[in-house]
Amino acid sequence: MNAVRAEWYRLWRRRSPWGLLMASVACVFGYYVLTWASAAAASLAVSRGAPQPAGPGPGALVDALGLARFGTTGLDVAASLATLALIAVASSLVGSEYGWGTLRLIVPRLGGRAAFVAAKFAVLAAFASLTVAACVEAALLASVLVTFVADLPRPAAAALATAVVVGALRTLVAVAPYAAIALAATFLSRSTAVGFAIGLAVFLLEGVATAIAGALLGVPLVADLGIARNVHVVMRATPGDDVRIPGFDAPLALAILAAYACGALFLAISVFRRRDLVA
Amino acid sequence: MRAMEQADGLRATPNAEVVLDARRLTRSFGRTLAVADLSFEVRRGEVVGMVGPNGAGKTTTAAMIAGLVAPSSGQVVLTVPRGGRAARAKIGAVIEGASFYPFLTGRENLRTLELAAGRRGGSRAAALLTKVGLADAADRPFRAYSLGMRQRLAIAAAVLDDPDLVILDEPTNGLDPAGQREIRALIPGLAAEGRAVLVTSHQLADVQDVCTRVLVIKAGRALAFAPIAELRQGEVVEIQTADPARTAAVAREAPFVRGVTVRGTTLLVDTGREHVAALLRLLAANGLFPDAIAPRRRTLEEAFFALTEASGERVA
């Protein structure tokens with residue numbers, strides 16, 4: 001617990017993670033504002049005689065921003081932006097310790113090296129909870145504004161509250177493996193940039209890569225065991241929703257994502273315990 | 001001079017409790033042997049200096065003791081009696097420079113270390129900041145600290161948990177003479193408070209001023225481990241002359257001269273005071289009349305060079 005207290009104290013005093021959190025919240029609002037503005041601009045253009053654009057029309061775009069679709073649009077936006085922010089924070093939490101040389105200062109004072117790694121994961125988990133909560137709340141607020149302004153259908157308050165709470169928890173589960181992988185990659189590489197790049201690559205490319213690999217190898221299980229596929233299952237598995245993977249229900253997907261996060265923690269501890277901490 | 005007097009006053013007795021017992025420490029990095037079979041101990045109340053050329057293995061040895069690098073073989077025994085039982089000695093270490101969190105103030109940096117050690121007080125940190133002369137700068141960000149302030153904060157951090165053993169790796173590196181003197185003045189006080197102190201340095205003046213015993217290492221191996229007075233045994237004769245080259249050539253011919261070092265118009269002749277008269281006669285016979293001649297005790301630097309050069313390599 002001492003390691004966690006010390007780690008949280010430093011995170012609390014550091015500006016960049018909180019700046020990133022606020023930037024993520026601003027981006028959630030920005031997404032709603034820009035989407036709203038583009039729908040309004042398209043409507044205006046059509047009313048002035050421009051041809052109807054291909055794909056979903058301006059009305060569908062605005063509908064997607066409303067409270068009725070908060071469980072998909074709002075949570076997807078919040079999860080994406082929170083994941084990006086947390087990959088950056090995770091890599092910086094560890095990479096800067098290597099960069100400043102502060103590992104030599106702090107590690108000998110802790111009960112052991114595993115305590116240092118575990119404290120990093122614990123504090124990242126706490127910060128991830130705050131980031132996800134802030135992003136989800138921002139998406140909810142923006143969605144409420146759009147719903148009122150555009151006079152869109154309003155779900156019942158109780159159903160909405162449940163959707164928000166459950167959605168926030170799901171989003172937290174969805175961001176956890178990416179942040180944990182970025183943290184572990186930084187422990188392994190000792191570099192903020194490499195940790196961030198690996199976290200970003202996994203976030204952006206892993207779903208496509210495992211889908212291609214599964215198709216080429218003729219083993220769909222490769223894709224089914226991937227992070228992106230299971231994140232999708234966890235985010236979409238609501239009663240009545242079509243969960244596309246037979247036999248892959250939300251608890252199993254949850255277990256697979258937890259395994260990724262725990263695997264990253266185990267890898268970071270096992271590498272860090274044997275590592276020399278001098279330049 | 002004051003620091004030196006303090007150090008002499010603190011000399012640990014031979015029976016003082018051994019806090020650090022390094023036994024046959026060895027560490028290799030790939031095919032490079034950084035430290036080989038190194039054994040020494042540090043007792044409570046003494047300051048041991050570890051000196052050696054660059055790449056001698058000083059920092060690796062300090063890091064092995066601090067638990068930052070695992071030895072390939074050998075053992076670091078850190079035991080002190082506590083509450084009537086043998087307990088693991090606490091270490092406070094500053095290895096490879098004063099590294100702190102740049103976005104925290106000096107006070108906050110000590111605070112995070114206190115939290116890591118499970119303490120919540122803050123009063124000890126405040127007292128230490130005052131002791132190392134950082135009370136006025138305690139609330140400034142570390143990134144705004146000068147090199148001297150950083151080193152002083154590092155010493156405060158090293159003793160924050162009231163350790164039994166303090167390891168200071170090159171504590172005066174990069175400091176101006178005033179900064180070096182400030183740090184040198186702080187070190188004997190750490191031992192006076194009952195701690196064992198290990199200082200690595202290639203600033204031999206630091207070691208001579210503050211240490212009681214010296215471990216000389218080169219290429220990872222111990223060349224000597226002895227009290228400073230023992231290492232400095234022997235004399236040199238210092239000669240001021242207008243013709244240093246000829247004077248050196250003549251002096252080297254004398255059978256009682258072990259070596260001659262020329263520094264400008266000064267010659268350091270490695271011989272005892274009992275040979276001064278014979279040396280003067282020899283020089284006069286060759287038409288050389290020095291401006292001044294005086295025997296004196298060897299400095300640690302001269303002893304160090306004698307040891308390291310005798311083993312075949314100059315200090316980098």
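Below, chains carry the letters A, B, ... as their sequence lines are ordered, and counting in each starts from 1. Computed from a predicted model, the values in this text were never measured in an experiment. Note that these values count all heavy atoms, side chains included, but never hydrogens, waters or copies made by symmetry.
Checked against A:E97 for a salt bridge (charged side-chain N to carboxylate O under 4.0 Å, His left out), the options A:R14, A:R190, A:R10 give a single hit: A:R10. Applying side-chain contact (heavy atoms from CB on, under 4.5 Å) to A:F272 and the options A:L267, A:V117, A:L188 leaves one that passes, A:V117.
With chain B as the partner, the residue from A:V4, A:I106, A:T102 showing the most heavy-atom pairs under 4.5 Å is A:T102. Chain A forms more heavy-atom pairs under 4.5 Å with one residue of B:A157, B:G92, B:A117, B:A93 than with any other, namely B:A157. For the set B:A70, B:A98, B:P102, the entry with the most heavy-atom pairs within less than 4.5 Å of chain A is B:P102.
Only the side chain of B:R27 comes within contact range of chain A, judged by heavy atoms closer than 4.5 Å. At a 4.5 Å heavy-atom cutoff, the contact between B:L104 and chain A is made by side-chain atoms alone. Only the backbone of B:A66 has a heavy atom closer than 4.5 Å to any heavy atom of chain A. Using a 4.5 Å cut-off between heavy atoms, A:R275 contacts chain B through its backbone alone, with no side-chain atom that close.
Between B:Y101 and B:F142, the ring center distance fails the sub-6.0 Å criterion. No close placement of the A:W36 and A:Y31 rings is indicated, their centers lying 6.0 Å or farther apart.
At a threshold of 4.0 Å, the pair B:E17-B:R43 does not count as salt-bridged, since none of the basic side-chain nitrogens sits closer than that to a carboxylate oxygen.
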Worksheet item: Which is it for B:T105 and B:D139 under the side-chain hydrogen bond (donor to acceptor under 3.5 Å, both in side chains) test, yes or no, and what are the steps along the way?
Response: CA-CA 5 Å; B:T105 65; B:D139 296 315; 4.5 Å; no
